[in-house]
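Treat the numbers as computed from the prediction; the structure is a model and nothing was measured.
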Amino acid sequence: MDETDRPELGSPHRRLKLDTLVRLRWLAIAGQTAALVVVHFYLAYPLPLSYCAALVAASAWLNIFLKVRSPQSQRLSERYAALQLAYDLMQLGGLLYLTGGLGNPFVFLLLAPVMVSAAGLSARNTLYLGLLAAVIATLIATFHLPLPWPEGQTFRLPPVYAIGLWIALVCSLAFMSIYAFRVAEEARQLSDALTASELVLAREQHLHALDGLAAAAAHELGTPLATVYLSAKELVRDLADEKNPLSAETLKEELALILSQAERCREILSKLSSLSDDRDQHFRGEKLSHMIDQVVEPARAYGARIRIDIQGEGDEPMARRNPAMYYGLGNLLENAVDFADTTVTVSARWTGTQVLLEISDDGQGFSPDVMARLGEPYVTARGARDGRPGQGQTGGGLGLGFFIAKTLLERTGADLRLRNRPPPERGAVVRIAWPRDGRSPWHLGASANDAGATRPPDLPAGETHL
C-alpha cells in the first residue's frame, strides 16, 4: 500500500463526542449532590458544604457553557477531551480533599476519567491522566480535611491501612487503564483492518480491470506493429535494390507511415499505463467541480431546482476519488432536495487553507429543539411535511442516513455544521469544511492545464450559476 493511501485508513484521531463527556459529568454532578445532601442533612455530619457546593456548581456551569457554545454531536480533539477529563479529576480531587481524603469511600471514583481516556484516547493521554490521578491520590492521602463524622468524634485511618489503600488505588489505576486501553485498541485495530481490506479489494478489482485492458491493448497493437514491420521490410528491400532506387517522395511517404503507426502504438500503451499507477479512475485526482457534478447528477430528476456556485482563490482544489465523500454529500443533497420548496443551492469556496461546501434549501429548516442532537442515529431534524415524520420521530427526514453521512465525511477530516437561514429567509444550511493539510483529501493541487474554467461549458437543464 502506498504512503499516500494510508491517511484514508480508519480514523487518524481518536475523537470523543462532546455529548458523552457532558452526560457523564451530569451523572457525576447528580451523584455528588446526592452524597452531600445525605451526609449534611440526613446524617447531620458537619462538612464544609459551601466549598463542596461551589465545586459541584463549577462542573454544572461548565456543562451549561459547553451546551450553549458547541453542538452536543461535536467530536472533540484528543487534547480538548483530555483537558476536560483532567478537570474532572481535579474537581473530584478537590471534593475528596474537603471530605476526608483516602478515608472517603468514593475515592475509587478517581478511576472513572482514566477509564474513559483509556477507552477513547491515545496511550499518551491516558498515561498523563493516570499520573495526574496518582498525584491527586498521593496529595489527598497526606493533606485533607477530616472525614465527615458524628460531632465530637474523629475518624482516622491507621497509617498501614492508608498506605495499603493508596497502593490498591494506584494498582487499580494501572491495571484497569491498561486493560481498558488494550480492549479498545483491539477494536480500533479490527476496524482499521476492515478498512484496509476494503482498499485491498478495490485494488484487486483495479488489477482485474488492468488484465482485461492489457489483452485489449495487445490486440490493438497487432495492426500498427504489423504495418510498421511490413513498411520497414519494404524499405530495406528497396534500398538494397540498386536497379530501382527509391525517390525522395516515396521514402518520405514510407517514413511518415512508420511514424504514424508508432504514434498509434504509443497512444495504445498510454491507455494501459494510465491504469497501471495511481492515476487510474479510482485513485487519481479529480477537481472539486467535477465531484459536485457527479453528486448533483442523480438528484436532478427529484423535482427541485439545483443552483451551483463555485469560486475560490487560486487553482481549483483536487482530491483522490473517495466513495465516502460521494455517499455523504449525496445523502445530504437528497435530504435538501426532499425538504426544499423550490430550490437547492450548492456553493463551493476555497482558499489556500480550507475547502468549504454549503448545501442549502428554501424549505422549513431544522427543528430547533433537536438541532443539538443532530448526528445521532434515528433523529429527524425537520418538521412534519407531506406526511413525513415530524420532529423528534424516527425513520424519516435526517435520521440514520444523516448519521452515516456525517460519520463518513468526518472520517475524511471534514467539519460538519448545521444552521437555519436567518429571517426573513427560510431553509436549512449544511456546511462542510475541510482543512487543506497533509491529512485532508483536498491537499492535491490543480495542474497548470486545469487552471482555467472551473465549470463545464454546458450545464444540464434546471441548473444555473449564481
Side-chain angles (χ1 to χ4, degrees), residues 11 13-37 51-95 109 112-117 119-121 125 129 332 335 358 364-383 390-394 397-400 402-407 409-410 414-423 427-433:
S11 176
H13 302 288
R14 301 175 177 90
R15 304 179 68 182
L16 290 175
K17 196 161 70 168
L18 176 61
D19 184 60
T20 300
L21 296 183
V22 169
R23 288 176 183 269
L24 290 175
R25 191 173 294 115
W26 280 126
L27 182 62
I29 291 170
Q32 292 165 2
T33 303
L36 292 175
V37 169
Y51 293 106
C52 294
L55 287 175
V56 176
S59 291
W61 279 112
L62 175 61
N63 267 4
I64 295 173
F65 171 77
L66 293 175
K67 182 176 180 61
V68 172
R69 181 178 179 272
S70 305
Q72 298 300 293
S73 58
Q74 178 183 353
R75 295 280 177 176
L76 303 176
S77 65
E78 268 209 51
R79 182 179 181 184
Y80 191 23
L83 288 175
Q84 289 206 39
L85 291 172
Y87 164 80
D88 293 331
L89 277 174
M90 291 187 290
Q91 187 260 3
L92 180 58
L95 286 175
L109 288 176
V114 183
M115 294 303 100
V116 173
S117 174
L121 302 183
N125 285 311
L129 290 171
L332 296 176
N335 277 297
E358 285 191 351
Q364 297 181 2
F366 299 116
S367 299
D369 56 338
V370 296
M371 187 173 291
R373 297 168 52 207
L374 293 180
E376 299 178 7
Y378 305 110
V379 174
T380 181
R382 307 289 187 117
Q391 56 192 17
Q393 300 179 13
T394 64
L398 295 179
L400 183 60
F402 179 78
F403 166 74
I404 296 174
K406 180 176 183 294
T407 302
L409 290 172
E410 286 182 343
D415 176 47
L416 193 145
R417 301 292 178 92
L418 307 134
R419 61 181 174 86
N420 289 325
R421 287 179 170 177
V429 180
V430 180
R431 176 184 180 274
I432 309 105

Exercise for the section: Look up atom CG in L55 and atom CE in M90, then write down how far apart they are to the nearest 0.5 Å. Expected result: 11.5 Å
Exercise for the section: For residues 79-92, pull every pair meeting salt bridge (Lys or Arg N to Asp or Glu O under 4.0 Å), keeping only residues two or more places apart or in separate chains. Expected result: R25-D88
Completion exercise
Heavy-atom closest pair (F366 atom, V429 atom, distance to 0.1 Å) is CE1-O, 3.9 Å
Completion exercise
CG of L85 to CG of L121, rounded to nearest 0.5 Å, is 6.0 Å
Practice task
Quick one: pull up CG in L66 and OH in Y80 and give me the separation to the nearest 0.5 Å.
Solution key: 4.5 Å
Practice task
Mind checking salt bridge (Lys or Arg N to Asp or Glu O under 4.0 Å) for R417 and listing every partner two or more places apart, or none if nothing turns up?
Solution key: D415
Handout entry: All side-chain hydrogen bond (donor to acceptor under 3.5 Å, both in side chains) counterparts of Y87, not counting sequence neighbours
Key = S59
Fill in the blank from the handout: Contacts of R421 meeting side-chain hydrogen bond (donor to acceptor under 3.5 Å, both in side chains) (sequence neighbours excluded), chain-then-number -> S360
Handout entry: Gap separating the CD atom of Q84 from the OG atom of S117, nearest 0.5 angstrom
Key = 12.5 Å
Handout entry: Atom pair CZ (R69) and CD1 (I64), whose distance is rounded to the nearest 0.5 Å
Key = 16.0 Å
Practice task
State, yes or no, whether a side-chain contact exists between V116 and L129 at a heavy-atom distance under 4.5 Å.
Solution key: no
Handout entry: Listed partners of R419 passing salt bridge (Lys or Arg N to Asp or Glu O under 4.0 Å), at least two apart
Key = E358
Problem - Under the side-chain hydrogen bond (donor to acceptor under 3.5 Å, both in side chains) test, residues paired with N420 that sit two or more places apart - result: none
Exercise for the section: List in chain and number order the residues that pass side-chain contact (heavy atoms from CB on, under 4.5 Å) with Y51, two or more places apart in sequence or in another chain; answer none if no residue qualifies. Expected result: P48, L98
Problem - Q91 vs L62 side-chain heavy atoms within contact, under 4.5 Å - result: no
Exercise for the section: Please list, chain by chain and in numerical order, all residues satisfying side-chain contact (heavy atoms from CB on, under 4.5 Å) with L109, sequence neighbours excluded. Expected result: L92, F106
Handout entry: Gap between atom CG of L18 and atom CG of N63 - 0.5 Å precision
Key = 8.5 Å
Exercise for the section: Using side-chain contact (heavy atoms from CB on, under 4.5 Å) as the criterion, list what pairs up with A53, not counting sequence neighbours. Expected result: none
Problem - Any L332 side-chain heavy atom under 4.5 Å of L409 side chain - result: yes
Completion exercise
Taken in chain and number order and not counting sequence neighbours, the residues that satisfy side-chain contact (heavy atoms from CB on, under 4.5 Å) with A54 are none
